Amino acid sequence: MLDSDTTPSLRGVDLAAFEQLYRTHYEVLCKLAATITHSHQLAEEIVDDLFFYLWHHRSELEVDSLQAYLFRAVRNNSEKVCRSRAFRHGRLTLSLDNELLRVHDNLSDAEHPLGWLIEEEMQNHAQEVVNQLPHECRQVFELSRYHGKKHAEIAQELGISVNTVKYHIKNALKVLSSSLSTGTACTLMLMAQSW
């Protein structure tokens, strides 16, 4: 068993002990991160990213108190997210999302067939991006988004952990969101303003 108060290193820690560490601290670390970021979703991402980092760097890390390290890392990463430009400009992002929804509404009525063509082109582009994802990442994403399966169901079906499922979905969404260029969004907004 892994004692998070006295273990100075994660070297040689097996998966079962690491999963116990995760289960023991996950909820309280998420609460800490949510208190700082005011977002449960961001909090889960911060904690998941920390445990993913710990697992992959377990042989390199030396800490006096693993529990203190976990809390300090979550606090620092949460504050870093809050200082980030994307977080501070969340209202701008929300505004852009609302504008894109308005554009979609304007372009998707029967009087504007161009909207249907743009939407079809964007769907085709998104599918091309999904097809280029690494095999396991693509498989996880498709099971989640196209088949509506829950993380636990995907993990069981593919024989991987729920955290790996979350990691693949997060990466797929990041790749997809970056594939939609800001130029496309701006063009759509300009077209909408002409009505």
Side-chain angles (χ1 to χ4, degrees), residues 1-90 93 129-145 149-180:
M1 170 123 180
L2 182 63
D3 182 359
S4 62
D5 241 0
T6 59
T7 305
S9 170
L10 291 173
R11 261 188 214 114
V13 170
D14 66 356
L15 184 59
F18 191 80
E19 286 177 349
Q20 179 61 37
L21 176 73
Y22 178 84
R23 282 190 300 273
T24 301
H25 294 286
Y26 184 78
E27 189 175 333
V28 71
L29 291 173
C30 282
K31 286 180 182 177
L32 172 63
T35 300
I36 296 168
T37 63
H38 304 288
S39 167
H40 186 69
Q41 181 181 359
L42 272 176
E44 286 183 346
E45 285 183 28
I46 289 166
V47 174
D48 286 341
D49 287 349
L50 173 62
F51 277 102
F52 188 77
Y53 175 84
L54 284 175
W55 178 252
H56 286 283
H57 294 90
R58 65 189 179 276
S59 62
E60 305 157 17
L61 291 174
E62 295 277 339
V63 295
D64 293 329
S65 165
L66 188 54
Q67 183 172 341
Y69 175 83
L70 292 171
F71 282 92
R72 187 173 55 250
V74 166
R75 186 191 71 231
N76 291 344
N77 291 343
S78 298
E79 290 172 352
K80 182 178 173 184
V81 165
C82 289
R83 286 190 306 269
S84 77
R85 185 174 179 197
F87 186 83
R88 286 194 319 257
H89 291 84
T93 303
V129 172
V130 169
N131 290 341
Q132 292 175 5
L133 292 171
H135 176 71
E136 188 175 67
C137 183
R138 184 181 72 242
Q139 201 174 11
V140 166
F141 183 79
E142 288 175 343
L143 288 171
S144 171
R145 295 306 190 257
K149 294 193 175 191
K150 296 182 188 239
H151 294 170
E153 294 172 324
I154 298 169
Q156 185 176 13
E157 184 174 325
L158 298 180
I160 57 178
S161 73
V162 172
N163 287 335
T164 303
V165 170
K166 290 179 182 180
Y167 175 77
H168 283 314
I169 290 172
K170 179 181 173 184
N171 281 344
L173 291 173
K174 188 185 298 183
V175 169
L176 275 169
S177 69
S178 68
S179 74
L180 177 62

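Each residue takes its place number in the sequence, starting with 1. On a predicted model such as this, the values are computed, not experimentally measured, just so you know.
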Is any side-chain heavy atom of Ile160 closer than 4.5 Å to one of Val140? yes
Within-4.5 Å side-chain heavy-atom neighbours: Leu158 and Leu143: yes
Closest non-hydrogen contact found for Thr35 with Lys31 is OG1-O, 2.7 Å
Correct closest heavy-atom pair for Val74 and Ala33 would be CG1-CB, 3.8 Å
Taken to the nearest 0.5 Å, the spacing of Glu45 CD from Asn77 CG works out to 12.0 Å
To the nearest 0.5 Å, atom SG of Cys82 lies from atom CG of Leu42 at 8.0 Å
query = Under 6.0 Å from the NE2 atom of His135, do we count more than 12 heavy atoms belonging to anything else shown?
reply = no
Between Cys30 and Val47, the two heavy atoms sitting closest are N-CG2, 3.7 Å
Smallest heavy-atom separation, Thr37 atom then Ala43 atom, equals OG1-N, 4.2 Å
Task: Beyond-backbone contact of Gln67 with Phe71, side-chain heavy atoms, under 4.5 angstrom - done: yes
* Answer yes or no: is there a side-chain heavy-atom contact under 4.5 Å between Leu21 and Leu66? => yes
Exercise for the section: Decide side-chain contact (heavy atoms from CB on, under 4.5 Å) for His168 and Ile154; before the verdict, give the C-alpha distance in whole Å, the side-chain angles of both, and the deciding distance to 0.1 Å. Expected result: CA-CA 11 Å; His168 283 314; Ile154 298 169; over 6 Å; no
Derivation of the side-chain contact (heavy atoms from CB on, under 4.5 Å) call for Leu54 and Leu70:
CA-CA 9 Å; Leu54 284 175; Leu70 292 171; 3.3 Å; yes
Checklist entry - Do Trp55 and Tyr22 have side chains that get closer than 4.5 Å, going by heavy atoms? => result no
Residues Asn131 and Glu142: closest non-hydrogen pair is OD1-OE2, 4.3 Å
| Under 4.5 Å between any side-chain heavy atoms of Ile169 and His151, yes or no? | yes
**Message:** Is a donor from one side chain sitting under 3.5 angstrom from an acceptor on the other, for Tyr167 and Asn163?
**Reply:** no
Sequence neighbours excluded, the answer for salt bridge (Lys or Arg N to Asp or Glu O under 4.0 Å) partners of Lys170 is Asp49
Would you say Leu173 and Arg145 make side-chain contact, with heavy atoms under 4.5 Å?
yes
Tyr26 and Glu44, any side-chain heavy atoms less than 4.5 Å apart
yes
* Side chains of Asp48 and Tyr53, donor plus acceptor under 3.5 Å -> no
- Query: Any chance CD of Gln156 has more than 12 other-residue heavy atoms, nucleotides or ligands included, within less than 6.0 Å?
  - Reply: no
On a heavy-atom basis, the closest approach of Ala172 and Leu133 is CB-CD1, 3.7 Å
Value for OG (Ser144) from CD (Gln139), rounded to nearest 0.5 Å, stands at 12.5 Å
**OP:** Mark yes or no for whether Glu153, through its side chain, and Lys150, through its backbone, hold a donor-acceptor pair below 3.5 Å.
**Re:** yes
